[in-house]
Amino acid sequence: MLCYNDSNMRNERLDVTMLSEELTEPALTVSGLWLSYPDRPDVLQNVSLKVMPGERVGLIGPNGAGKTTFFLGLCGVLKPSAGEIVVLGNPVVNGDFRPEVALVFQNPDDQLFCPSVWDDIAFGPQNMGLSKDEIEVRVTEALSVVGAVELADRPSHRLSEGEKRIVSIAGVLAMHPRLLIYDEPSANLDIRSRRRLIRLLQASKETILIASHDLELVLEVCNRVVLVDKGCIIADGDPRQVMGDDKLMVAHGQEKPHSLIPHRIPHHAL
Ligand SMILES: Nc1ncnc2c1ncn2[C@@H]1O[C@H](COP(=O)(O)OP(=O)(O)OP(=O)(O)O)[C@@H](O)[C@H]1O
Ligand SMILES: [Mg+2]
């Protein structure tokens, strides 16, 4: 695995990480994780990763690399064939409901199944055993944060794809999780909703993992990036360094983000 730890920026991050590591336990520790599907073995191969509280980690990599599979493992949806996952101090147990760990699914239809948007967002808080009043506060707050108050009474299955994504995010926020896992959160979002999402992610104090093909979003939001290909971690480090490495990016089906390419000012503009 390539570790990008030679820049000042990365060193600063490492120093902070090392310091906090002595004081706090990791938000996530994955050790030697192997994940398979019944008809597809070893989709994830011997993955190890440690994430400290407050880190915002971008997961990038080509289609089929194993990003979603990894997230399903973290949430206890997929049972590891080997390895261990510890989230917020407790091992992940297959099938457990842990509201402090929440996943925004890549496909919103996997997440939204209630008759109305309100019910969908209230589902998590209800399962947490919160009072009616608290549920009301949580749902209203979550809808307001994502800018979707007017969608509250709409049937979830009739929403546009972008609206479904926004509601899925609200559903997760309503549980006040400490580890937020976003699988392609900006897919189908218009410019305004994408910008709102970026601001929300930037302002978050929680630990965040984001799988995304929107590399500019990853650059704006994440302080660390992990490149995954064929079920393995290929590189881990400062986003500008990892994503700025042309050869590495191309070798794994990626492109250097546009904003990392130096642009010449055309003669006629001088
Ligand atoms: N339910 C499933 N059963 C069998 N194979 C699956 C299943 N889900 C995913 N796979 C396979 O596992 C591999 C990893 O898929 P995964 O969805 O984790 O990739 P990804 O990195 O999230 O890709 P994308 O960028 O397209 O979302 C792929 O080869 C995929 O075809
Ligand atoms: Mg995926």
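Order of appearance sets the numbers: ligands from 1, and atoms from 1 within every ligand. Hydrogens, waters and symmetry mates are skipped; everything else that's a heavy atom, side chains included, is used. Computed from a prediction, not measured in an experiment: that's the story for all the values here. Residue numbers count from 1 along this sequence.
Between Lys230, Arg40, Gln106, it is Arg40 that holds the heavy atom closest to atom 11 (C) of ligand 1.
Note: an N/O pair closer than 3.5 Å links His213 and ligand 1 by distance alone.
In plain terms, the two heavy atoms of Val43 and Gly66 that are nearest each other are CG1-CA, 4.4 Å. Scanning both residues, Arg165 and Gln106, for their nearest heavy atoms gives NH1-O, 2.9 Å. Across Ser48 and Ile233, no two heavy atoms sit closer than the pair O-CD1, 3.5 Å. Closest approach of Ala65 and Asp229 over heavy atoms only: CB-CA, 4.0 Å.
From the protein, the heavy atom lying nearest to atom 9 (C) of ligand 1 is Tyr37 CE1, 3.5 Å. Atom 21 (O) of ligand 1 has as its closest protein heavy atom Lys67 NZ, 2.8 Å. From the protein, the heavy atom lying nearest to atom 17 (O) of ligand 1 is Thr68 CB, 3.6 Å. Scanning the protein for heavy atoms near atom 14 (C) of ligand 1, the closest one is Gly64 O, 3.4 Å.
Residue Asn63 has at least one heavy-atom neighbour below 4.0 Å for each of these atoms of ligand 1: 23 (O), 24 (P), 25 (O), 26 (O). Short contacts between ligand 1 and Ala65, defined as distances under 4.0 Å to a heavy atom of the residue, involve ligand atoms 19 (O), 20 (P), 21 (O). Close approach of ligand 1 to Thr69 (heavy-atom distance below 4.0 Å) involves ligand atoms 14 (C), 15 (O), 16 (P), 18 (O). Atoms of ligand 1 found under 4.0 Å from any heavy atom of Gly66, numbered from 1 in the order shown, are 14 (C), 18 (O), 19 (O), 20 (P), 21 (O).
Tyr182 and Phe71 have their aromatic ring centers separated by at least 6.0 angstrom.
Taking 4.5 Å as the limit, every side-chain heavy atom of Leu217 sits out of range of all side-chain heavy atoms of Leu219. In this structure the side chain of Val167 never reaches within 4.5 angstrom of the side chain of Pro108, judged on heavy atoms.
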Item checked: Arg224/Asp238 under salt bridge (Lys or Arg N to Asp or Glu O under 4.0 Å): CA gap, chis, key distance, verdict -> CA-CA 5 Å; Arg224 177 179 172 193; Asp238 175 69; over 6 Å; no
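Atom OG in Ser168 sits 11.0 Å away from atom CG in Asp183 (nearest 0.5 Å).
Judged as a salt bridge (Lys or Arg N to Asp or Glu O under 4.0 Å), the pairs with a partner in residues 124-139 (not counting sequence neighbours) are, in order, Glu134-Arg138.
Within the 3.5 Å criterion, the main-chain N or O of Met243 finds no donor-acceptor partner in the side chain of Gln254.
Near the Mg ion (ligand 2), less than 2.8 Å away, sit the protein N, O or S atoms Thr68 OG1, Gln106 OE1.
Under a cut-off of 6.0 angstrom, the local environment of CD1 in Ile261 is crowded, with over 12 non-hydrogen atoms contributed by other residues, nucleotides or ligands.
When Asp214, Leu189, Val221 are each tested for a side-chain contact (heavy atoms from CB on, under 4.5 Å) with Ile198, only one passes: Val221.
Contacts with ligand 1 closer than 4.0 Å are made by side-chain heavy atoms of Val43 only, the backbone lying farther away. Contacts between Asp39 and ligand 1 below 4.0 angstrom, taking non-hydrogen atoms only, involve the side chain exclusively.
Under a 4.0 Å heavy-atom criterion, Pro62 is in contact with ligand 1. The closest approach between a heavy atom of Gly61 and any atom of ligand 1 is not below 4.0 Å.
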